[in-house]
Protein chains: 2
Amino acid sequence: MLIPAARPASYRASRNVPDCSSCALGHLCMPNGLAPAALSRLEAVIHTARPVKRGETVFRAGDVFHNLYAVRSGSLKTVSTRADGREQVTGLHLAGEALGLDGISDDTHPSTAIALEDSSVCVIPYRPLASLCAEADTMQRRMHKLMSEQIVRETAQAMRIGALTVDERIVSFLLDVSSRYRKRGYSPAEFNLRMTREDIGSYLGMTLETVSRTLSKFRKRGLIEMQGRAVRIVDFDELQRV
Amino acid sequence: MLIPAARPASYRASRNVPDCSSCALGHLCMPNGLAPAALSRLEAVIHTARPVKRGETVFRAGDVFHNLYAVRSGSLKTVSTRADGREQVTGLHLAGEALGLDGISDDTHPSTAIALEDSSVCVIPYRPLASLCAEADTMQRRMHKLMSEQIVRETAQAMRIGALTVDERIVSFLLDVSSRYRKRGYSPAEFNLRMTREDIGSYLGMTLETVSRTLSKFRKRGLIEMQGRAVRIVDFDELQRV
DNA sequence: CGACCGTTTGAGTGAGGTCAACCGCTGTGG
DNA sequence: CCACAGCGGTTGACCTCACTCAAACGGTCG
């Protein structure tokens, strides 16, 4: 049976995933390892939890960069507009992941972040965070890792689009999302994609029809179950071998 | 007439591009704005300039991460190996650009860096650099910008591959390289790609035959001149409108 | 209830991949 | 010094994968 949305279920408890009570953020604002002084500073920096309704934006392309964000709950997509006006989905950000790191580059957000469902984000003013990084070594390390991870993810995404067939791209996408949910303590087998077929196609460099056809094919082969945007991965092994 | 390799020519002098005498690094180790104390620290951190012959590697996928690198002269490609063994070119790094930022993520280099020509790289030990970032605010800011720029570049690359036709991809690639040379004080119109057609194809998600055909088409239309890997952009405007 | 949006599925087409032949340059060994 | 092998590049012919266009369905909201 398919659940309508991903939920922590028993995974969090059983797999002993650390819980950041202040903002449920995974490793971005996870206090482990921080000196008490630095911890209280961090809490002072992260002062707001901002709710974002489905379809609303957290920031828009061109906005002046002031804050980083961390997804507290829900999920968001980032879209970039090309020179010719066409829009493309360039990122998917799940609960516990960071948002807005690309704005540091030239103090302007290059993309627009849109909530895929009613969500909540932590607002983290960049300047104070940078100061904190200078004082607490662990914090700086965490910041660098976070940015480096984003670089690795983007590179993987470019490879995904460039070197894989559409079947492989869909598989890679599903497994990527799955592993990201697992990392945050949610079920890696059942989750809700929340994106439309068009969003997925835009993200993976293919048309919405092809997305639909490919998912249908996988369903018929018994690799996945799905109704609408809810997905359940039935056969990981078989899925992995294309 | 086509030059065999990109060279500073008169651009550097005439356009007043800052020159970093210690390692010709553009903004990565460009001392402008650093306090004298921080500057001497920086020089202490960047202790080695390592020569790399064409085809040699600076680091390999799987190597433990210790150092960042900055390209002093020449150019390198980064390649990643997919699960199925196929290799893909994931990055191109020109003189003055950074290398290895993706290794911070989990203390392991995820890709292999290979020199496209006889080159030279600055070796920058990460730990001391991080300490310096904690002490000098400008240095931290620079570091963050550098990583954020890399994120933006990778996102652009994913969009390039995902949303553009092969013609558009080639144009976008040529203009990208061109603007990067301009930024470093080299001629934006004449440069040497150094990569094989296969490398370019791998980087742009297409076959080497298609790369060759497309470049030939552009040459016949008078948009570019080229012999071998040397390129001269003749008509920027016409090239830009696909 | 009807309009609309997202999705599914089908049929036809074309952009780009595949396979193959050939050219020119470079390096190597007889 | 020349012959030859090997690599990178170009071009052609053919084919296929994924896009385009089109139709129809189901759920949701006013």
Side-chain angles (χ1 to χ4, degrees), chain A residues 2 4-5 53-55 77 79 86-89 114 116-118 160-174 192-221 224-231 242, chain B residues 2 4-5 53-55 77 84 86-89 114 116-118 160-174 192-221 224-231 242:
Chain A
L2 286 169
K53 289 228 183 72
R54 178 169 161 272
K77 64 177 174 181
V79 305
R86 279 180 296 173
E87 284 202 337
Q88 179 166 10
V89 176
I114 304 171
L116 290 166
E117 60 191 304
D118 292 355
R160 191 170 290 150
I161 300 176
L164 304 185
T165 65
V166 293
D167 285 19
E168 291 169 329
R169 265 178 262 175
I170 294 279
V171 168
S172 174
F173 171 66
L174 290 174
N192 194 311
L193 284 176
R194 242 80 234 199
M195 305 166 92
T196 66
R197 300 291 186 256
E198 187 170 16
D199 282 339
I200 298 171
S202 172
Y203 186 52
L204 297 177
M206 55 207 257
T207 60
L208 68 96
E209 292 96 328
T210 305
V211 173
S212 178
R213 268 186 257 271
T214 307
L215 288 173
S216 295
K217 185 165 65 180
F218 290 166
R219 184 159 37 75
K220 282 168 193 161
R221 285 201 210 150
I224 60 173
E225 286 173 22
M226 59 172 308
Q227 38 197 5
R229 299 176 194 175
V231 180
V242 182
Chain B
L2 287 167
K53 290 228 184 73
R54 178 169 162 272
K77 64 177 175 181
D84 61 8
R86 279 181 297 173
E87 286 202 337
Q88 179 166 11
V89 176
I114 304 172
L116 290 166
E117 60 191 303
D118 292 356
R160 191 171 290 150
I161 299 176
L164 304 184
T165 66
V166 294
D167 285 19
E168 292 168 329
R169 263 177 264 176
I170 295 280
V171 167
S172 175
F173 171 66
L174 290 175
N192 194 310
L193 283 175
R194 239 87 228 203
M195 305 166 92
T196 64
R197 301 291 186 258
E198 186 169 16
D199 282 340
I200 298 171
S202 172
Y203 186 51
L204 297 176
M206 55 207 258
T207 60
L208 67 97
E209 292 95 328
T210 304
V211 173
S212 179
R213 269 186 258 271
T214 308
L215 288 173
S216 295
K217 185 166 67 182
F218 290 166
R219 184 159 36 75
K220 282 168 193 160
R221 285 201 210 151
I224 60 173
E225 286 173 22
M226 59 172 308
Q227 38 196 7
R229 299 176 195 176
V231 180
V242 183

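Numbers restart at 1 for each chain; the letters A, B, ... are given by sequence-line order, proteins then strands. Side chains included, hydrogens not; waters and symmetry mates left out as well; all remaining heavy atoms used.
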If I take atom [atom1] from residue [X] and atom [atom2] from residue [Y], how far apart are they, to the nearest 0.5 angstrom?
| X | Y | atom1 | atom2 | value |
| --- | --- | --- | --- | --- |
| B:Asp167 | B:Arg213 | CG | CZ | 12.0 Å |
| A:Gln88 | A:Leu204 | CD | CG | 9.5 Å |
| A:Lys217 | A:Ile224 | NZ | CD1 | 11.5 Å |
| B:Ile200 | B:Arg169 | CD1 | CZ | 13.5 Å |

Report the distance from atom [atom1] of [X] to atom [atom2] of [N], rounded to the nearest whole Å.
| X | N | atom1 | atom2 | value |
| --- | --- | --- | --- | --- |
| A:Arg219 | C:dT8 | CZ | C1' | 9 Å |
| B:Arg229 | C:dT26 | CZ | P | 12 Å |
| A:Leu208 | D:dC19 | CG | C1' | 11 Å |
| B:Leu116 | D:dG8 | CG | C1' | 15 Å |
| B:Leu215 | D:dT11 | CG | P | 11 Å |
| A:Arg86 | D:dC19 | CZ | P | 13 Å |
| B:Lys217 | D:dT11 | NZ | P | 13 Å |
| A:Met195 | C:dT7 | CE | P | 11 Å |

**Report entry** Any donor-acceptor pair under 3.5 Å from A:Arg197 side chain to A:Ser212 backbone
**Finding:** no
Query - B:Glu209 side-chain proximity, nearest of C:dT7, C:dT9, D:dT11 - result: D:dT11
Query raised in the report: Above 12 or not: heavy atoms from other molecules or residues under 6.0 Å from CD of A:Glu198?
Result: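 No, not enclosed.
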Report summary line: Tested for side-chain hydrogen bond (donor to acceptor under 3.5 Å, both in side chains) against B:Glu117, the lone hit among B:Arg194, B:Arg54, B:Arg229 is B:Arg194
Report task. Using the side chain to side chain contact (heavy atoms under 4.5 Å, CB included) rule, pick out the option among B:Val166, B:Ile161, B:Thr165 that qualifies with B:Met206. Result ->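 Per the side chain to side chain contact (heavy atoms under 4.5 Å, CB included) rule, the option paired with B:Met206 is B:Val166, out of B:Val166, B:Ile161, B:Thr165.
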Requested in this report: Quickly, which of B:Leu174, B:Leu215, B:Leu193 forms a side chain to side chain contact (heavy atoms under 4.5 Å, CB included) with B:Met226? Name it, please.
Outcome: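 When B:Leu174, B:Leu215, B:Leu193 are each tested with B:Met226, the side chain to side chain contact (heavy atoms under 4.5 Å, CB included) holds only for B:Leu215.
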Query raised in the report: For D:dC7, does OP1 or OP2 lie under 4.0 Å from any side-chain N or O of B:Arg197?
Result: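 No, outside the criterion.
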Query raised in the report: Taking OP1 and OP2 of C:dG10, is either one under 4.0 Å from a side-chain nitrogen or oxygen of A:Arg213?
Result: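 For C:dG10, OP1/OP2 do not have a side-chain N/O of A:Arg213 under 4.0 Å.
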Pick out the pairs of N or O atoms, protein on one side and nucleotides 24-30 of chain D on the other, that lie under 3.5 Å.
none

Query - Donor-acceptor pair under 3.5 Å, A:Glu198 side chain vs C:dC5 base - result: no
Query raised in the report: Of all residues at least two apart in sequence or in a different chain, which pass the side chain to side chain donor-acceptor pair (under 3.5 Å) check with B:Thr210?
Result: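 B:Thr210 satisfies side chain to side chain donor-acceptor pair (under 3.5 Å) with B:Thr207 only.
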**Report entry** Listed partners of A:Arg219 passing side chain to side chain donor-acceptor pair (under 3.5 Å), at least two apart
**Finding:** A:Ser216
Query raised in the report: ring pair (Phe, Tyr, Trp, His ring centres under 6.0 Å) with B:Tyr203: which residues, sequence neighbours excluded?
Result: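 For B:Tyr203 the ring pair (Phe, Tyr, Trp, His ring centres under 6.0 Å) partners, ignoring immediate neighbours, are B:Phe173.
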Query - Degree of bending in the helix from C:dC1-D:dG30 to C:dG30-D:dC1 once both end axes are built from five pairs, to 10° - result: 30°
Could I get a table of every N or O pair under 3.5 Å where one atom is in the protein and the other is in nucleotides 14-16 of chain C?
| unit_1 | atom_1 | unit_2 | atom_2 | d |
| --- | --- | --- | --- | --- |
| C:dG16 | OP1 | B:Val166 | N | 3.0 |

